[in-house]
Amino acid sequence: MLDLSHLNDLAPTGTLRGGVVVAPAKSMSFATRADDAAVQGVPVDLLHGFAAVLNVPLALTEFSNSGQLTDAIAEARCDIGFMPRDAAREARVAFGPSFYLMGSTYLVPAGSEIFTIEAVNREGIRIVAIANTTTARAARRTAPLAIVEEVGSVDIMTAMAQRGEADAFALSHDSFIGLLPKIPGARVLPGQFQQTGIGVAVPPGRPGALILARQLIEEAKASGLVRRAFDAAGFVDAAVAPLEI
């Protein structure tokens, strides 16, 4: 049962201001743009579901990467969003439960002689990652001998991968499902160099907002809303994260 006494903490303007990252292909935390220019995907479906349950309007703000979304929530320009967790983000935003457990890996371009994650950690290897993300930070931490270059969006990374302009490209496994067909000859390396949850996040200093966000995401897992969002986005084999409360 949702405790709606915290609604003003979560949506102080009377509108739920949600943030979404828009990318060329869907992932558990990325939205895409439909033919009619509307955004769609797992985070969009979840935010629409939350707004419906709360009986408030939803206003979506779009971002190019999860670092920008982190900034917007940390500065209370957005009330709620979904993003991978790590210590750097936990210091800036308040996290509720995760709805998906994400693993990060590398895509290598056509003709690459890199076949394992461990082989990426070599001097002279150039990694491209999205700026200010958990995956970029994990790539630096786990491949200290390589050079990590951060770019501003998945669109930029995709174009670079199509041109073979780096040795490895860092993203989550679910992100590569949609991107791989756009990059002929590319391969995704097995395994992962990071595993973390994609959690619901709200601005710091709003304890009531965090209580309500936690209830919303757990109810979404229990009711099947998360499962339906996964299926609608094509992630029919992906597992919903276990309930935390």
Evaluate the criterion side-chain contact (heavy atoms from CB on, under 4.5 Å) for residue pair T32 and Q40; output intermediate values, then yes/no. CA-CA 6 Å; T32 55; Q40 60 184 5; 3.7 Å; yes
Stepwise salt bridge (charged side-chain N to carboxylate O under 4.0 Å, His left out) test for D71 and R77: CA-CA 8 Å; D71 291 342; R77 290 183 281 115; 5.5 Å; no
ILVMFWY clustering at 4.5 Å (side-chain atoms), partners of F30: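 V21, F63, L69, I73, M83, V93, F95, L107, V128, I130, V151, V154, I156, M157, M160, F169, L171, F176, L179, L180, I183, V188, all in the cluster of F30.
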How far apart are the closest heavy atoms of [X] and [Y], and which atoms are they?
{"X": "R141", "Y": "P144", "answer": "O-CD, 3.8 Å"}
{"X": "A25", "Y": "K182", "answer": "CB-CE, 4.4 Å"}
{"X": "A238", "Y": "Y100", "answer": "CB-CE1, 3.9 Å"}
{"X": "P57", "Y": "G14", "answer": "CD-O, 3.4 Å"}
{"X": "G191", "Y": "I117", "answer": "C-CD1, 3.5 Å"}
{"X": "T133", "Y": "G67", "answer": "CG2-N, 4.4 Å"}

Gap separating the [atom1] atom of [X] from the [atom2] atom of [Y], nearest 0.5 angstrom:
{"X": "H6", "Y": "I211", "atom1": "NE2", "atom2": "CD1", "result": "4.0 Å"}
{"X": "I198", "Y": "S98", "atom1": "CD1", "atom2": "OG", "result": "8.0 Å"}
{"X": "L225", "Y": "R228", "atom1": "CG", "atom2": "CZ", "result": "5.5 Å"}
{"X": "M102", "Y": "T134", "atom1": "CE", "atom2": "OG1", "result": "4.0 Å"}
{"X": "E62", "Y": "S64", "atom1": "CD", "atom2": "OG", "result": "9.0 Å"}
{"X": "D174", "Y": "T105", "atom1": "CG", "atom2": "OG1", "result": "11.5 Å"}

Walk me through it: do S153 and N65 pass the test side-chain contact (heavy atoms from CB on, under 4.5 Å)? CA-CA 6 Å; S153 70; N65 63 58; 5.7 Å; no
Hey, does [Y] have a side-chain heavy atom less than 4.5 Å from the side chain of [X]?
{"X": "F50", "Y": "L16", "result": "yes"}
{"X": "Q192", "Y": "S104", "result": "no"}
{"X": "E219", "Y": "R214", "result": "no"}
{"X": "M28", "Y": "F82", "result": "no"}
{"X": "L210", "Y": "R206", "result": "no"}
{"X": "L212", "Y": "L2", "result": "yes"}
{"X": "V53", "Y": "L216", "result": "yes"}
{"X": "D45", "Y": "L47", "result": "no"}

In one Ile/Leu/Val/Met/Phe/Trp/Tyr side-chain cluster, 4.5 Å: [X], [Y]:
{"X": "V42", "Y": "V240", "result": "yes"}
{"X": "I147", "Y": "V108", "result": "no"}
{"X": "V200", "Y": "L101", "result": "no"}
{"X": "L4", "Y": "I217", "result": "yes"}

Atom CG of N55: over 12 foreign heavy atoms under 6.0 Å: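 Open.
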With distance as the sole criterion, is a donor-acceptor pair present between the side chains of T196 and R85 under 3.5 Å?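 No, R85 and T196 have no side-chain donor paired with an acceptor closer than 3.5 Å.
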Which residue is it: R137, Q68, R89? I am looking for the one with a side chain to side chain contact (heavy atoms under 4.5 Å, CB included) to N132.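 The passing option is R137.
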Scan residues 7-25 for pairs that pass salt bridge (Lys or Arg N to Asp or Glu O under 4.0 Å), counting only residues two or more places apart or in two chains.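 Passing the test, one end in residues 7-25: R17-D79.
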side-chain contact (heavy atoms from CB on, under 4.5 Å) between V120 and D167, worked out: CA-CA 8 Å; V120 175; D167 300 296; over 6 Å; no
Could you walk me through whether V226 and E218 satisfy the side-chain contact (heavy atoms from CB on, under 4.5 Å) test, starting with their C-alpha distance in whole Å, then the side-chain angles of each, then the deciding distance to 0.1 Å, before giving a yes or no? CA-CA 9 Å; V226 176; E218 294 298 82; over 6 Å; no
Residue pair R126, E165: steps toward the salt bridge (charged side-chain N to carboxylate O under 4.0 Å, His left out) verdict: CA-CA 9 Å; R126 182 184 174 205; E165 292 181 349; 5.8 Å; no
Has R33 got a side-chain atom pairing as donor or acceptor with V22's backbone, closer than 3.5 angstrom?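 No; judged by distance alone, with no hydrogens or angles, the pair does not exist.
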With under 30° as parallel and over 60° as perpendicular, where do the rings of F193 and Y106 fit, or are they tilted in between?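 The arrangement is parallel - the two ring planes meet at less than 30°.
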